[in-house]
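Just so we're on the same page: letters track the sequence lines, and every chain starts at 1. Every heavy atom of this structure was used, including side-chain atoms; hydrogens, water molecules and symmetry mates were not. Just so it is clear, the model here is predicted, and its values are computed rather than measured.
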4 protein chains.
Amino acid sequence: MNSYGHLFKVTLYGESHQEAIGVIVDGLPAGTKINEELIKKDLEARKPKHIGTTPRKESDHYSITSGVFNGLATGSPIHVMIKNENVVSKDYAHLKAHPRPGHADFVSEVKYKGFQDYRGGGRFSGRLTAALVVAGSLAKMALPFELTHSLKQIGTLKDMTKLDDYILDVQNQGNSVGGTIEITVKNMIVGIGEPFFNKLDAELAKLLFSVPAVKGVEFGLGFEGIELLGSDFNDALVDEKGNTKTNNSGGITGGISNGNDLKINVFIKPTSSIQKAQDTYNLKSQKIETLDIGGRHDVAIVRRIGIILENVVAIGLLDQYLMYKAFL
Amino acid sequence: MNSYGHLFKVTLYGESHQEAIGVIVDGLPAGTKINEELIKKDLEARKPKHIGTTPRKESDHYSITSGVFNGLATGSPIHVMIKNENVVSKDYAHLKAHPRPGHADFVSEVKYKGFQDYRGGGRFSGRLTAALVVAGSLAKMALPFELTHSLKQIGTLKDMTKLDDYILDVQNQGNSVGGTIEITVKNMIVGIGEPFFNKLDAELAKLLFSVPAVKGVEFGLGFEGIELLGSDFNDALVDEKGNTKTNNSGGITGGISNGNDLKINVFIKPTSSIQKAQDTYNLKSQKIETLDIGGRHDVAIVRRIGIILENVVAIGLLDQYLMYKAFL
Amino acid sequence: MNSYGHLFKVTLYGESHQEAIGVIVDGLPAGTKINEELIKKDLEARKPKHIGTTPRKESDHYSITSGVFNGLATGSPIHVMIKNENVVSKDYAHLKAHPRPGHADFVSEVKYKGFQDYRGGGRFSGRLTAALVVAGSLAKMALPFELTHSLKQIGTLKDMTKLDDYILDVQNQGNSVGGTIEITVKNMIVGIGEPFFNKLDAELAKLLFSVPAVKGVEFGLGFEGIELLGSDFNDALVDEKGNTKTNNSGGITGGISNGNDLKINVFIKPTSSIQKAQDTYNLKSQKIETLDIGGRHDVAIVRRIGIILENVVAIGLLDQYLMYKAFL
Amino acid sequence: MNSYGHLFKVTLYGESHQEAIGVIVDGLPAGTKINEELIKKDLEARKPKHIGTTPRKESDHYSITSGVFNGLATGSPIHVMIKNENVVSKDYAHLKAHPRPGHADFVSEVKYKGFQDYRGGGRFSGRLTAALVVAGSLAKMALPFELTHSLKQIGTLKDMTKLDDYILDVQNQGNSVGGTIEITVKNMIVGIGEPFFNKLDAELAKLLFSVPAVKGVEFGLGFEGIELLGSDFNDALVDEKGNTKTNNSGGITGGISNGNDLKINVFIKPTSSIQKAQDTYNLKSQKIETLDIGGRHDVAIVRRIGIILENVVAIGLLDQYLMYKAFL
């Protein structure tokens with residue numbers, strides 16, 4: 001239940017406060033050049049450093065223990081491990097009785113019958129996404145497409161030049177804020193994706209919703225397209241390569257890439273952990289009580305999440321691209 | 001590539017103008033009572049009949065050729081076939097050169113190298129969703145949850161009492177319109193879904209995006225939640241059953257059902273086929289030309305799509321519910 | 001649980017006495033020429049006609065309801081249906097209490113809690129293999145390899161010129177007999193199969209054991225190789241194409257095809273249904289009683305099973321061949 | 001391509017001479033007690049120590065980096081890593097031109113286009129099976145069944161009291177020998193396995209053939225049953241629990257466990273590496289040349305392989321047992 005993919009398979013493991021997190025990446029074509037600079041750059045983009053991100057630091061040193069030889073993929077599974085270093089050994093046991101609002105503490109307690117590792121969010125910690133980022137970096141090394149992402153909106157703010165001030169204000173209120181990220185894929189080709197269930201948009205949506213805090217995914221115009229009539233929404237073909245006059249469909253028609261840029265818009269909810277005290281039900285005392293989570297958390301995880309979203313898109317694209325190649 | 005599911009598996013076949021469409025449903029627990037009234041009711045809800053839906057009629061007579069004995073599921077795969085009856089034998093061959101805007105004609109021509117059955121949209125026809133509806137009806141027979149759907153907005157119209165007038169107006173312009181559907185699942189339990197990749201929201205999003213014309217999916221508040229701060233967005237637990245004061249997360253936390261109602265909002269793009277003439281590229285003449293699709297099409301497929309969305313959610317829920325049971 | 005394959009997927013349905021059996025074949029490359037003569041020839045090879053095969057006849061008329069256009073695969077799922085025609089409406093209900101030795105009556109009753117369709121063996125009937133044969137015929141149309149099978153031994157008989165007499169003798173005793181079939185694949189290439197879990201031999205063994213009555217599978221020399229020392233067992237490479245001096249490994253090294261012919265030997269147990277009376281436990285009376293199955297059955301199903309085995313090998317090979325192509 | 005399982009999933013990584021090998025085990029039920037003594041005992045059973053096993057030693061120290069908390073499974077993936085310690089840094093590069101008979105050197109060179117890590121057999125090394133053993137040990141902790149294995153025959157020797165002498169003799173010839181292992185599972189229940197493709201015997205055969213050197217798998221009497229007629233082969237039911245008078249079917253009927261002991265017989269080919277010089281084709285010189293592998297290898301890997309076979313059976317059984325539970 002922790003694996004994704006058909007030909008390019010990604011299997012994640014790890015919990016926030018155990019020895020390590022990591023990932024097995026299976027299906028990177030033999031001979032793919034391993035670009036360690038890209039891995040480092042992508043991990044760096046995920047790290048907290050801007051205003052509004054957590055002061056907790058993890059070095060994110062990774063080790064590749066298999067599947068790479070002379071700097072090239074061998075065709076065998078690649079295992080990448082990242083040790084958990086900055087683990088504070090404080091007592092988290094009280095969270096079992098006192099689930100944090102917005103977090104998976106309660107569902108986890110019920111689903112795993114109390115056996116889950118509850119420390120630091122355990123399996124549900126954003127920490128896991130570091131391994132996911134590396135898997136995506138590896139995917140990008142074998143993809144002929146070009147992926148980027150950008151922050152479109154944060155809370156009510158659409159003008160990104162005022163970002164730091166806006167976040168500082170939210171931080172001073174002891175609160176948190178969400179936002180939207182746009183992912184773009186250029187140099188696409190026609191024909192990636194399958195007509196049912198394995199549609200390109202269906203697979204990418206599944207991957208994007210696998211990233212913690214994602215609560216909405218739309219392609220092209222998305223929900224904004226509701227006010228358009230068909231004659232305006234339809235993208236008119238203008239050449240034999242598949243280029244269209246507009247790109248309201250976000251580069252996907254019938255679940256299959258149409259050769260135009262992929263355009264995906266993702267909504268990230270406000271970070272669940274906030275400084276402010278909040279009400280929650282105490283499972284032991286059986287009363288609603290006020291909970292003060294404390295600690296210092298990301299005010300706006302949306303500032304760091306873009307690279308994770310970009311990289312899960314890369315994972316999905318490589319998987320589908322290999323399937324496409326099988327039928328050439 | 002036309003199958004979905006781990007323990008409850010759905011495999012679709014069919015093309016618009018071939019002999020039949022159908023579905024194999026595998027994993028309906030032995031002894032499940034087959035409620036044929038529900039199948040008929042669900043198929044009826046998908047049929048065109050309201051203003052703005054196509055005048056083309058299909059009887060949607062289905063036959064169950066296996067897997068049911070004495071009115072109960074045997075535990076073997078259930079095959080349901082629906083013959084294509086109302087097939088007009090007109091010539092569709094020109095569409096190969098002249099791809100319809102918004103349709104999969106072009107991507108299909110490229111991906112299948114011209115070998116696809118292009119008649120009536122072939123594999124990409126909305127016709128296929130009749131079989132999908134039946135699969136969902138079967139899933140609902142084994143689910144302890146209660147699913148409903150409702151039309152929330154159509155084009156710019158939010159007041160559904162004015163629906164017929166609004167659609168008639170669009171129809172008179174020879175145009176089409178999209179909208180949003182909300183799906184609600186009541187009587188949920190805590191613990192359905194897996195922490196990564198097989199998150200409940202990830203699987204449901206994949207299924208929803210598998211339905212033609214879906215271009216956006218959000219859970220709970222979704223994109224509207226962008227203006228809320230964390231203290232307002234977080235749902236506060238109020239009892240030991242998992243009930244929360246608000247339900248901004250739409251009943252899913254960390255990818256796992258939290259016991260509150262599921263709330264999913266889906267955006268449906270305007271129907272691609274319109275009466276109005278449109279520009280498209282002619283692959284033969286290698287020029288942009290005007291295309292008049294003709295025929296009479298759904299002005300607002302969003303009026304018929306709700307039951308399809310509801311039923312794919314049922315498919316996903318039963319699959320995850322069986323997985324949940326495996327670990328009880 | 002009734003599907004096989006990664007890129008070439010086969011999903012079976014049907015029970016002996018329901019309306020139809022059939023198969024969905026997904027992943028046959030678009031443009032593959034559909035050779036109906038091959039389907040008919042393969043179905044014919046499975047039909048009872050020789051001495052020792054059942055006098056019950058099924059026409060095995062099949063219909064392809066989707067996925068083929070102008071005699072070529074469209075790239076969409078191909079649904080093939082075979083109606084159950086020769087269904088005798090006698091009462092099978094007593095078999096629920098009185099399970100036939102060697103048959104799945106008892107396990108089926110327990111596993112499906114009595115809800116299974118028990119008539120004629122239901123889901124466990126050899127009838128299902130007709131659909132499997134068609135799936136394999138379709139696979140062979142897209143494979144560059146050449147598959148054959150031959151009967152090697154039947155009971156104690158190794159000289160196939162005496163086959164009819166031998167079987168007649170067993171038939172006169174009201175008994176049944178098993179045997180071994182050898183499958184050979186020529187024109188193989190190097191590199192089909194994956195190093196772990198999806199090894200070529202592992203996948204083919206899984207498919208072969210999916211065929212009712214198979215109780216043993218070996219590659220190359222198989223169990224007979226036990227008396228050889230390594231120096232005799234090892235196949236020595238003699239050229240750069242992968243040809244080896246001997247072929248004791250049956251064309252597979254490390255789970256991957258080595259370019260030599262595949263050689264697979266399969267053991268088929270004696271047909272479970274025999275004319276002779278047999279003891280079994282009566283679940284109702286709770287006593288061991290004598291059961292007389294009656295009817296006229298195959299004395300030697302091994303005479304008809306070769307084409308089924310050959311064709312499941314084709315299914316596995318096409319699936320792996322497409323995977324191989326994805327990484328070229 | 002390096003994963004197995006539906007609900008209990010095992011994903012392997014590693015190559016003989018890279019930093020580590022390991023496994024992710026996903027789906028061990030939360031709360032399962034982790035019995036480290038069993039892991040150590042099983043790893044010990046795989047270690048070379050008897051006459052005829054390699055003098056190369058690996059400590060097989062493993063570390064569990066995730067998924068276990070307070071000695072119990074958390075329900076998250078369990079990652080187990082085993083470092084490669086005893087790696088001799090000699091030059092293996094000549095093996096690329098000079099493939100060892102019986103080994104995967106040649107197929108690997110072709111399939112991975114020369115990019116494979118060829119040192120010590122790379123991905124094809126028996127080394128990988130240490131991680132597989134641990135996965136099986138974990139599976140056994142959650143299984144209510146009892147697994148054992150025994151050596152039945154080695155070369156021509158059936159009397160195991162003369163084992164050491166027999167192997168010593170083969171060793172003195174610079175040669176190697178194969179054999180057969182029997183796996184037995186007691187305390188089985190009725191109903192494990194699915195009627196098609198996921199039959200219990202089909203899944204177990206797939207897993208067994210995934211183990212290097214396995215060349216034959218049979219259930220119950222297997223190939224020896226060829227001389228029996230149906231009346232002798234059929235197992236007669238003697239009570240309502242499923243017990244049968246004989247167990248010629250090896251505990252599986254119609255692909256489903258019938259409540260009797262599982263009996264599986266596996267043929268292991270002679271170890272490929274031998275002291276004797278052998279002919280092979282030199283891909284560089286393009287001539288057949290004599291190759292002296294040197295080193296000291298297992299004379300009879302069959303002495304160590306039993307625990308690996310037993311444990312892959314455990315993996316398959318737990319996966320199917322969880323599926324069985326989903327439909328209770």
Side-chain angles (χ1 to χ4, degrees), chain A residues 1-2 4 12 99 101-102 104 106-107 110-111 123-124 156 175-178 190-191 194-199 201-202 205-206 209-210 215-219 222-223 225-227 229-231 233-234 236-240 242 253-254 256 258 267 269-272 274 276 279-281 283 288, chain B residues 1-2 4 12 99 101-102 104 106-107 110-111 123-124 156 175-178 190-191 194-199 201-202 205-206 209-210 215-219 222-223 225-227 229-231 233-234 236-240 242 253-254 256 258 267 269-272 274 276 279-281 283 288:
Chain A
M1 310 294 98
N2 291 279
Y4 177 83
L12 280 182
F106 175 74
V107 294
V110 175
K111 187 174 181 71
R123 180 73 187 145
F124 296 86
T156 54
N175 224 322
S176 69
V177 70
V190 182
E194 303 296 325
F196 247 103
F197 298 132
N198 297 108
K199 281 176 192 267
D201 36 7
K206 172 172 168 167
F209 276 112
S210 292
K215 282 295 186 181
V217 170
E218 54 186 13
F219 293 83
F223 286 91
I226 199 164
E227 305 207 347
L229 297 182
S231 57
F233 195 98
N234 282 345
L237 194 68
V238 297
D239 63 25
E240 76 292 342
T253 317
I256 295 171
N258 62 25
F267 168 60
K269 70 172 186 176
T271 319
S272 298
I274 56 176
K276 269 191 170 177
D279 281 349
T280 185
Y281 187 81
L283 295 167
I288 295 174
Chain B
M1 311 292 98
N2 292 277
Y4 178 82
L12 280 181
F106 174 74
V107 294
V110 175
K111 185 174 182 71
R123 180 74 188 144
F124 297 85
T156 54
N175 224 324
S176 68
V177 70
V190 182
E194 303 295 326
F196 246 102
F197 298 131
N198 297 108
K199 281 175 191 270
D201 36 7
K206 172 171 170 169
F209 276 112
S210 291
K215 281 294 185 183
V217 169
E218 54 186 13
F219 293 83
F223 286 92
I226 198 164
E227 306 207 346
L229 298 183
S231 56
F233 195 99
N234 281 344
L237 193 68
V238 297
D239 64 25
E240 76 291 345
T253 316
I256 296 172
N258 62 26
F267 169 60
K269 71 172 184 175
T271 320
S272 298
I274 57 176
K276 271 190 169 176
D279 282 349
T280 186
Y281 187 81
L283 296 168
I288 293 173

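- Of the atoms belonging to Asn175(A), it is side-chain heavy atoms, and not backbone ones, that fall under 4.5 Å from chain B.
- The aromatic rings of Phe219(A) and Phe209(B) lie perpendicular to each other, with more than 60° between the two planes, well past the 30° mark.
- Residues Pro270(A) and Leu229(B) form no side-chain contact, since every pair of their non-hydrogen atoms from C-beta on lies 4.5 Å or further apart.
- Contacts between Leu283(A) and chain B at a heavy-atom distance below 4.5 Å involve the side chain alone, from C-beta outward.
- Checked against salt bridge (Lys or Arg N to Asp or Glu O under 4.0 Å), Lys199(B) has no partners two or more places apart in sequence or in another chain.
- Ranked by heavy-atom pairs shorter than 4.5 Å toward chain A, the options Asp201(B), Thr280(B), Asn234(B) are led by Asn234(B).
- Both the backbone and the side chain of Ile226(A) have a heavy atom closer than 4.5 Å to some heavy atom of chain B.
- Residues Phe124(B) and Thr253(A) fail the side-chain proximity criterion, which asks for heavy atoms closer than 4.5 Å.
- Per-residue heavy-atom pair counts under 4.5 Å with chain A were compared for Phe196(B), Tyr4(B), Phe197(B), Phe233(B), and the maximum is reached by Phe197(B).
- Across all their heavy atoms, Lys206(A) and Asn198(B) have their closest contact at NZ-ND2, 3.7 Å.
- Ranked by heavy-atom pairs under 4.5 Å with chain B, the list Leu12(A), Thr271(A), Val217(A) is led by Val217(A).
- Remark: the backbone N or O of Val107(A) is not paired with any side-chain donor or acceptor of Asn258(B) at under 3.5 angstrom.
- Listed options Ala202(B), Gly216(B), Gly191(B) were ranked by heavy-atom pairs under 4.5 angstrom with chain A; first place goes to Ala202(B).
- Closest non-hydrogen pair, Arg123(A) versus Pro195(B), comes out as CG-CB, 3.8 Å.
- The two residues Ala104(B) and Gly254(A) have their closest heavy-atom pair at CB-CA, 4.2 Å.
- Across all their heavy atoms, Val190(B) and Phe106(A) have their closest contact at CG2-CE2, 4.0 Å.
- With a threshold of 4.5 angstrom between heavy atoms, Pro99(A) approaches chain B through side-chain atoms but not through N, CA, C or O.
- Between chain B and the residues Gly222(A), Ala205(A), Gly225(A), the largest count of heavy-atom pairs under 4.5 Å involves Gly222(A).
- Only the side chain of Ile274(B) comes within contact range of chain A, with at least one heavy atom under 4.5 Å from a heavy atom of that chain.
- For Glu194(B), the salt bridge (Lys or Arg N to Asp or Glu O under 4.0 Å) partners two or more places apart in sequence, or in a different chain, are Lys111(A).
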